[in-house]
K.L.:
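Can you keep this structure in mind? I'll have questions shortly.
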Amino acid sequence: MHDVLLMRHGEAAPGYPDTARRLTARGEQEAEKMASWLSGRVAEGELAMPRLYVSPYARAQQTAQHLCDALGISLETLDFITPDDSPGAVSDWLLEQPEGDTPIMLVSHMPLVGDLAGLLVEGSPEQGIGFPTAAIAEFEADVWAAGCAQLKRFTQPSQLA
């Protein structure tokens, strides 16, 4: 069993096309704060070093780069974790991942992160939760099927010093 961490990207500026929207200065600060917090947890042995997967959209890539820099890890881009992708497809992908102790971390967008949280915990995307920008939800499960996960922790930048 491994944990799954879902992170919404930091605050992004408006713009077009959606795929190219970039983080604001506040979004950069949010991502940096969360990256530093995660790095501290890894250093203290509270969290194993995660495998990092990220949406191809610019704002998610920027957010993930802060994590890469803080944790000294690389990222892999997944084309099916963009805002309007299917939470069921992501759940199916999680089911295919090998067993292990390495957490999987996904950096993505609303509504996908909220819908995926609802699917994993409640069995229904409609039961999802709202994610402030740069928030991280941590889940554990024996199997990554609908309704089989438990939310362990939910942290947003405003909670950190």
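Positions are given from 1, in the same order as the sequence printed here.
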K.L.:
Considering all heavy atoms of both residues, which atom of A134 and which atom of A31 are nearest to each other, and what is their separation?
P.N.:
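Smallest interatomic distance, heavy atoms only, reads CB-N, 4.4 Å.
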K.L.:
Using atom types as modelled and distance alone, determine if a side-chain donor or acceptor of E140 lies under 3.5 Å from a backbone N or O of K152.
P.N.:
no
K.L.:
Once rounded to the nearest 0.5 Å, what's the spacing between atom CZ of F139 and atom SG of C148?
P.N.:
13.5 Å
K.L.:
If you round to the nearest 0.5 Å, how far is CD of Q150 from CG of D3?
P.N.:
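Rounded to the nearest 0.5 Å, the CG-CD separation comes out at 11.0 Å.
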K.L.:
So, taking the atom named CG in D115 and the one named CG in D85, what distance separates them when rounded to the nearest 0.5 Å?
P.N.:
11.0 Å
K.L.:
Check for a donor-acceptor pair, side chain of Q97 on one end and backbone N or O of L94 on the other, with a separation under 3.5 Å.
P.N.:
no
K.L.:
Rounded to the nearest 0.5 Å, what separates atom CG in L47 from atom CD in E138?
P.N.:
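Here the rounded value is 6.0 Å.
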K.L.:
Is there side-chain contact between L106 and W93, with at least one heavy-atom pair below 4.5 Å?
P.N.:
yes
K.L.:
Check for me, please, whether L116 and I81 land in the same ILVMFWY cluster - side-chain distances under 4.5 Å, paths through other members count.
P.N.:
yes
K.L.:
Is there a chain of hydrophobic side chains (I, L, V, M, F, W, Y, each step under 4.5 Å between heavy atoms) that links V42 to V107?
P.N.:
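Yes; V107 is reachable from V42 via cluster members.
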K.L.:
Taking all atoms of both residues into account, what is the closest heavy-atom pair of G130 and M110, and its distance?
P.N.:
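In terms of heavy atoms, the two residues are closest at CA-CE, 4.1 Å.
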K.L.:
To the nearest 0.5 Å, what is the distance between NZ (K33) and CD (Q156)?
P.N.:
10.5 Å
K.L.:
Are L6 and V54 joined in one hydrophobic group, where the rule is that I, L, V, M, F, W and Y side chains link up if heavy atoms are under 4.5 Å apart?
P.N.:
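Each belongs to a different hydrophobic cluster.
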K.L.:
Transitively linked via ILVMFWY side-chain contacts under 4.5 Å: W37 with F154?
P.N.:
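Result: no, two separate clusters.
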K.L.:
Out of the candidates T63, T24, T133, only one should pair with E11 under the side chain to side chain donor-acceptor pair (under 3.5 Å) rule; please name it.
P.N.:
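When side chain to side chain donor-acceptor pair (under 3.5 Å) is applied between E11 and each of T63, T24, T133, only T24 qualifies.
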K.L.:
To check you understand the geometry: which heavy-atom pair defines the closest contact between S91 and A146, and what is its length?
P.N.:
OG-N, 4.4 Å
K.L.:
Is there a donor-acceptor pair closer than 3.5 Å between any side-chain N or O of Q61 and the backbone N or O of S55?
P.N.:
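Yes; judged by distance alone, with no hydrogens or angles, the pair exists.
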K.L.:
For side-chain contact (heavy atoms from CB on, under 4.5 Å), just list the numbers for I104 and W144, CA-CA rounded to whole Å, side-chain angles, deciding distance to a tenth of an Å, and then say yes or no.
P.N.:
CA-CA 12 Å; I104 291 174; W144 292 104; over 6 Å; no
K.L.:
If a pair satisfies salt bridge (Lys or Arg N to Asp or Glu O under 4.0 Å) and one of its residues is in residues 50-68, list it, with sequence neighbours excluded.
P.N.:
D18-R59
K.L.:
If you count heavy atoms of other groups shown closer than 6.0 angstrom to CD of Q159, is the number above 12?
P.N.:
yes
K.L.:
Step by step, work out the side-chain contact (heavy atoms from CB on, under 4.5 Å) result for T82 and L112.
P.N.:
CA-CA 7 Å; T82 65; L112 179 64; over 6 Å; no
K.L.:
So, for L75 and A64, which heavy atoms are closest and what is the spacing to 0.1 Å?
P.N.:
CD2-CB, 3.9 Å
K.L.:
Going from CG on L52 to CD1 on I73, what distance comes out if it is rounded to the nearest 0.5 angstrom?
P.N.:
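So the gap between those two atoms works out to 4.5 Å.
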K.L.:
Under a 4.5 Å side-chain heavy-atom rule over Ile, Leu, Val, Met, Phe, Trp and Tyr, are L78 and M7 clustered together?
P.N.:
no
K.L.:
What pair of heavy atoms forms the shortest contact from A12 to R21, and how long is it?
P.N.:
CB-NH2, 3.5 Å
K.L.:
Would you say S124 and E122 are linked by a side-chain donor-acceptor pair, where the criterion is simply a distance under 3.5 Å?
P.N.:
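No pair is found: no donor N or O on one side chain lies under 3.5 Å from an acceptor on the other.
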K.L.:
E32: what forms a salt bridge (Lys or Arg N to Asp or Glu O under 4.0 Å) with it, not counting sequence neighbours?
P.N.:
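Listed in chain order: nothing, the list is empty.
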K.L.:
Run the numbers on M49 and L71 for side-chain contact (heavy atoms from CB on, under 4.5 Å), then give the verdict.
P.N.:
CA-CA 8 Å; M49 188 68 73; L71 296 169; 3.8 Å; yes
K.L.:
Assess the residue pair L160 and M34 against the criterion (side-chain contact (heavy atoms from CB on, under 4.5 Å)); give the C-alpha distance rounded to whole Å, side-chain angles, the decisive distance to 0.1 Å, and a yes or no.
P.N.:
CA-CA 8 Å; L160 305 177; M34 296 306 283; 3.5 Å; yes
K.L.:
Taking side chain as C-beta onward, heavy atoms only, is D84 less than 4.5 Å from P111?
P.N.:
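In contact.
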K.L.:
Over all heavy atoms of both residues, which pair between P157 and A135 is shortest? Give the atoms and the distance, please.
P.N.:
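Smallest interatomic distance, heavy atoms only, reads CD-N, 4.2 Å.
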K.L.:
Not counting sequence neighbours, which residues clear side-chain hydrogen bond (donor to acceptor under 3.5 Å, both in side chains) with Q62? List them please.
P.N.:
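With neighbours one apart ignored, the set is E28.
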